[in-house]
Amino acid sequence: MPPITGRTYLAIPGPSVIPDRVLNAMHRVSPNIYEGEIIGMTETIFTRLKQLAGTRHHAAIYIANGHGGWEAALTNMFSRGDRALGVTTGVFGMGWASAAQRMGVAVELLDFGRQAADPERIAAALKADTDKAIRYVLVTHVDTASSVKNDIAAIRRAMDSVGHPALLAVDAIASLGCDPLHMDDWGIDVLVGASQKGMMLPPGLALLWFSDKALARAGEADLATPYWSIGPRVRPDAYWQYFGGTPPTQHLYGLHEALTMIVEEEGLEALWARHGRLARSIWAAFDAWGADGSGIALNVRDPAARGHSVTAATFPNGGAGRLRAWLEQEAGVTLGIGLGMALPSEAAYGDYLRIGHMGHVNAHMVMGVLGTMEAGLTALTIPHGKGALEAAAKALSGAS
Ligand SMILES: *Cc1c(COP(=O)(O)O)cnc(C)c1O
């Protein structure tokens, strides 16, 4: 049982903390869905969604979680028997590729384990496809399980360097609203997001963006069904077609408020800088904990290949499991489990955890998590290097 006093903090990589402003915007009677303010508000939402993704192309909203977003994208990308290149750097990349396989797409896997994808190997795989049958490259921007971040712009350049016509589809569910993302500049054709991570909303909305090229191909995709088909959603004749039926009313009010905070008030540059600063303070703490051979370590060695929204790490000898339990029971902080590192039935399962730092987070929340982790390490007598909180504070202050 977590403590009954004070606010508890769910510091996992989604669902994330929802701002009171967003909750309050959702707490209202249902609006008229035929006319009135929801119509104009929806137009504003789509305009801001495009600003958020850095695109002048098309945005769509589905009532679904991230897995639903994957399928919404896939149904509009492929016909049965089509070929794809699935680039995987963790459990989520693998999940999207396997969803495609189960839907009848012939996916060639290029698995980088828990390291960032090597664009050269993607280029080589496309070059080997001499009849140019691969229609899409699927890749995860930040894989929430490994916390690996892929260099999407470099992947696009590699694809172009071999003159292959494949389009690029990116799962940005964990990076949207956290890490810099530029759909058009980076040459992304299909982008998938979801509401419950950097977007600071409850789960329930899958967000999709399609380029003109991808939209044209969607017209030929025989996996598309009436509900999931993107065509009417981006070019509706009537308001209901944006959502294939009843709009997600209260979620739309929440999304409108969240986008106001993200795009209008904080601004994307400041928001990306904030996530970078908070992430670096967490990494600094881990560097200190991991000094003098404690075995505590981040999953991803290269800082450039680390997502700014989630951190996956190891505390050996079951330390992660014990620390998670202590934090929840004694401090009211819930950390994420390790995903894809070991099976729940294996002893090593207790060696891994993840911290979510996406969306509505600030310095005191991150220092609170790190401070309670430090207390837990001390209380449980888990060996750890000294000076983690000082290092985190220094990183937050911008001093190096
Ligand atoms: C969370 C997440 C998903 C899955 O989203 P659900 O809402 O849990 O279905 C997929 N991809 C990435 C990168 C994610 O972070």
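Counting starts at 1 for both ligands and their atoms, following the listed order.
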Query raised in the report: Using the ring of each side chain (for Trp, its six-membered ring), is F286 parallel, tilted or perpendicular to W289, with breaks at 30° and 60°?
Result: perpendicular

Query - A218 to I230 - nearest heavy-atom pair and separation - result: CB-CG2, 4.0 Å

Query raised in the report: With a 4.0 Å cut-off, would you call D189 and R156 a salt bridge?
Result: yes

Requested in this report: Answer yes or no: is there an ion pair linking E257 with R28, defined by an N-O contact shorter than 4.0 Å?
Outcome: no

**Report entry** By ring pair (Phe, Tyr, Trp, His ring centres under 6.0 Å) - contacts of H182 (at least two apart)
**Finding:** W186, W272

Query raised in the report: Does E220 pair with R135 as a salt bridge, N-O distance under 4.0 Å?
Result: yes

**Report entry** Close-range residues for ligand 1, whose non-hydrogen atoms fall below the 4.0 Å threshold
**Finding:** N65, G66, H67, W70, F92, T140, V142, T144, D171, I173, A174, Q196, K197

